[in-house]
Chemist: 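The structure follows.
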Amino acid sequence: DIQMTQSPSSVSASIGDRVTITCRASQGISSWLAWYQQKPGKAPKLLIYAAFSLQSGVPSRFSGSGSGTDFTLTISSLQPEDFATYYCQQANSFPYTFGQGTKLEIK
Amino acid sequence: EVQLVESGGGLVQPGGSLRLSCAASGFTFSSYWMSWVRQAPGTGLEWVANIKQDGSEKYYVDSVKGRFTISRDNAKKSLYLQMNSLRAEDTAVYYCARGGYCSGGSCYSINWGPGTLVTVSS
């Protein structure tokens with residue numbers, strides 16, 4: 001199985017900050033990488049697919065990059081509604097696997 | 001508007017069975033891969049199973065193989081997860097999700113239901 005490792009596990013930031021979350025795959029997954037946002041008590045929401053493609057309706061302050069084994073999610077200017085937990089997921093091969101999550105908190 | 005609504009969760013004893021359902025609307029259900037993803041309390045997400053549009057291909061995480069069965073009824077626009085031999089570690093919120101941007105069997109979960117809670121406990 002492909003293991004997905006996110007860092008950091010948690011991060012504190014302020015409104016307007018730029019934040020970067022990284023995700024590393026244990027083997028190459030080409031660009032089969034998604035990023036999801038989850039708020040407490042809610043279902044996850046797709047933000048980025050195919051490593052860098054922005055899902056319809058997602059603000060342009062979210063961006064993704066990377067290929068192979070190393071990927072990043074960047075939020076260019078944090079807004080209050082962005083405080084949540086973020087997960088990466090590989091869809092290159094079964095079983096699909098998620099990273100352990102990164103909790104983004106208000107400083 | 002795409003809607004996915006799970007049902008069938010509840011409290012079940014270890015070794016018991018439960019059948020989850022997911023009612024879909026707002027899209028052509030028969031045209032999409034579908035998934036189940038779960039989340040144990042206070043933990044991260046775990047993909048459980050995928051099923052192809054016509055049900056001809058199914059994939060499972062190792063921990064549920066031989067115990068869980070994913071199925072679908074395209075006429076009823078419904079996805080199912082039959083869960084047998086349930087264990088305490090199966091306790092989780094179970095989400096159904098619609099697959100999108102697919103290539104072969106590789107898809108992303110583009111829409112999610114609100115989830116249904118399964119608790120396995122004596």
Side-chain angles (χ1 to χ4, degrees), chain A residues 1-10 21 23 25 27-58 64 67 71 73 84-104, chain B residues 1-6 9 22 24 26-27 32-52 57-66 68 70 92-117:
Chain A
D1 298 1
I2 299 173
Q3 300 216 9
M4 306 300 291
T5 303
Q6 283 181 237
S7 61
S9 296
S10 64
I21 299 169
C23 179
Q27 61 190 77
I29 59 170
S30 184
S31 296
W32 283 100
L33 191 283
W35 290 97
Y36 298 91
Q37 176 194 66
Q38 187 179 34
K39 296 182 179 179
K42 300 294 187 181
K45 172 187 173 183
L46 178 66
L47 299 176
I48 301 284
Y49 65 95
F52 60 84
S53 296
L54 195 66
Q55 171 66 346
S56 175
V58 174
S67 68
F71 302 86
L73 171 70
T85 300
Y86 294 84
Y87 295 93
C88 63
Q89 181 210 14
Q90 67 83 16
N92 181 74
S93 61
F94 293 112
Y96 293 168
T97 44
F98 289 87
Q100 79 278 17
T102 295
K103 187 173 184 179
L104 178 52
Chain B
E1 179 193 3
V2 171
Q3 280 205 318
L4 298 167
V5 180
E6 303 91 342
C22 173
F27 64 100
Y32 291 87
W33 281 80
M34 296 295 294
S35 301
W36 288 99
V37 177
R38 67 184 178 182
Q39 185 169 35
T43 70
L45 301 167
E46 181 181 39
W47 171 81
V48 174
N50 268 27
I51 185 168
K52 195 178 179 180
E57 294 181 36
K58 303 176 184 181
Y59 301 91
Y60 300 92
V61 67
D62 281 353
S63 59
V64 309
K65 280 180 184 175
F68 290 12
I70 189 172
V93 173
Y94 285 74
Y95 298 101
C96 75
R98 176 174 77 139
Y101 311 120
C102 301
S103 176
S106 292
C107 296
Y108 300 102
S109 295
I110 58 174
N111 301 102
W112 298 63
T116 187
L117 176 62

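Chain letters run A, B, ... following the sequence lines, proteins first and then strands; every chain starts at 1.
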Chemist: Other residues, nucleotides and ligands only: do more than 12 of their heavy atoms fall within 6.0 Å of NZ on A:Lys39?
Modeler: yes
Chemist: Within the distance-only criterion (no hydrogens, no angle test), does the side chain of A:Tyr36 pair as donor or acceptor with the backbone N or O of B:Ser109 below 3.5 angstrom?
Modeler: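 Yes, A:Tyr36 side chain to B:Ser109 backbone: donor-acceptor pair under 3.5 Å.
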Chemist: Among B:Gly115, B:Gly105, B:Pro114, which has the most heavy-atom pairs under 4.5 Å with chain A?
Modeler: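 Most heavy-atom pairs within the cutoff with chain A belong to B:Gly105.
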Chemist: Please look at B:Tyr108 and chain A and tell me whether the side chain, the backbone, both or neither of the residue comes under 4.5 angstrom of a heavy atom of that chain.
Modeler: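 Backbone plus side chain of B:Tyr108, per the 4.5 Å heavy-atom cut-off to chain A.
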Chemist: What part of B:Val37 lies closer than 4.5 angstrom to a heavy atom of chain A: side chain, backbone, both or neither?
Modeler: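 B:Val37 touches chain A through side-chain heavy atoms alone.
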Chemist: Side chain, backbone, both or neither: which part of B:Asn50 has a heavy atom under 4.5 Å from chain A?
Modeler: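 Only the side chain of B:Asn50 comes within 4.5 Å of chain A.
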Chemist: Within a strict 4.5 Å, meaning less than it, do heavy atoms of the B:Gln39 and A:Tyr87 side chains meet?
Modeler: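 When only atoms from C-beta onward are counted, A:Tyr87 and B:Gln39 do touch, with a gap below 4.5 Å.
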Chemist: Using a cut-off of under 4.5 Å on heavy-atom pairs, state which of B:Ser35, B:Ser106, B:Cys102, B:Ala49 scores highest against chain A.
Modeler: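 Of the candidates given, the most pairs with chain A belong to B:Ser106.
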Chemist: Can you tell me which of A:Ala43, A:Ala34, A:Pro44 forms the most heavy-atom pairs within a distance under 4.5 Å of chain B?
Modeler: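 The candidate making the most pairs under 4.5 Å is A:Pro44.
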Chemist: Look at A:Ala50, A:Pro40, A:Gly101 and state which one has the largest set of heavy-atom pairs under 4.5 Å with chain B.
Modeler: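 Of the options given, most contacts go to A:Ala50.
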Chemist: Would you say CD of A:Gln3 has more than 12 non-hydrogen atoms from neighbouring residues, nucleotides or ligands within 6.0 angstrom?
Modeler: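 Atom CD in A:Gln3 is not packed in, count stays at 12 or less.
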Chemist: For B:Thr43, is it the side chain, the backbone, both, or neither that has a heavy atom closer than 4.5 Å to a heavy atom of chain A?
Modeler: backbone
Chemist: Do A:Tyr96 and B:Tyr59 touch side chain to side chain, with heavy atoms closer than 4.5 Å?
Modeler: no
Chemist: Tell me, for B:Tyr95 versus chain A, whether the close heavy atoms (under 4.5 Å) come from the side chain, the backbone, both or neither.
Modeler: side chain
Chemist: Within a 6.0 Å radius of atom CZ on A:Phe52, are there more than 12 heavy atoms belonging to other residues, nucleotides or ligands?
Modeler: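 12 or below, so no.
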Chemist: From B:Trp112 CH2 over to A:Gln38 CD, what is the distance, rounded to the nearest 0.5 angstrom?
Modeler: 8.0 Å
Chemist: If you count heavy-atom pairs within less than 4.5 Å of chain B, which of A:Thr85, A:Leu33, A:Asn92, A:Thr97 leads?
Modeler: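 Looking at each of A:Thr85, A:Leu33, A:Asn92, A:Thr97 in turn, A:Leu33 comes out on top.
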Chemist: For chain A, which candidate among B:Gly113, B:Ser103, B:Ala97, B:Gly100 shows the most heavy-atom pairs at distances under 4.5 Å?
Modeler: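 Looking at each of B:Gly113, B:Ser103, B:Ala97, B:Gly100 in turn, B:Ser103 comes out on top.
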Chemist: Can you tell me if A:Lys103 has over 12 outside heavy atoms packed within less than 6.0 Å of its NZ?
Modeler: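 It does not: A:Lys103 NZ has 12 such atoms or fewer within range.
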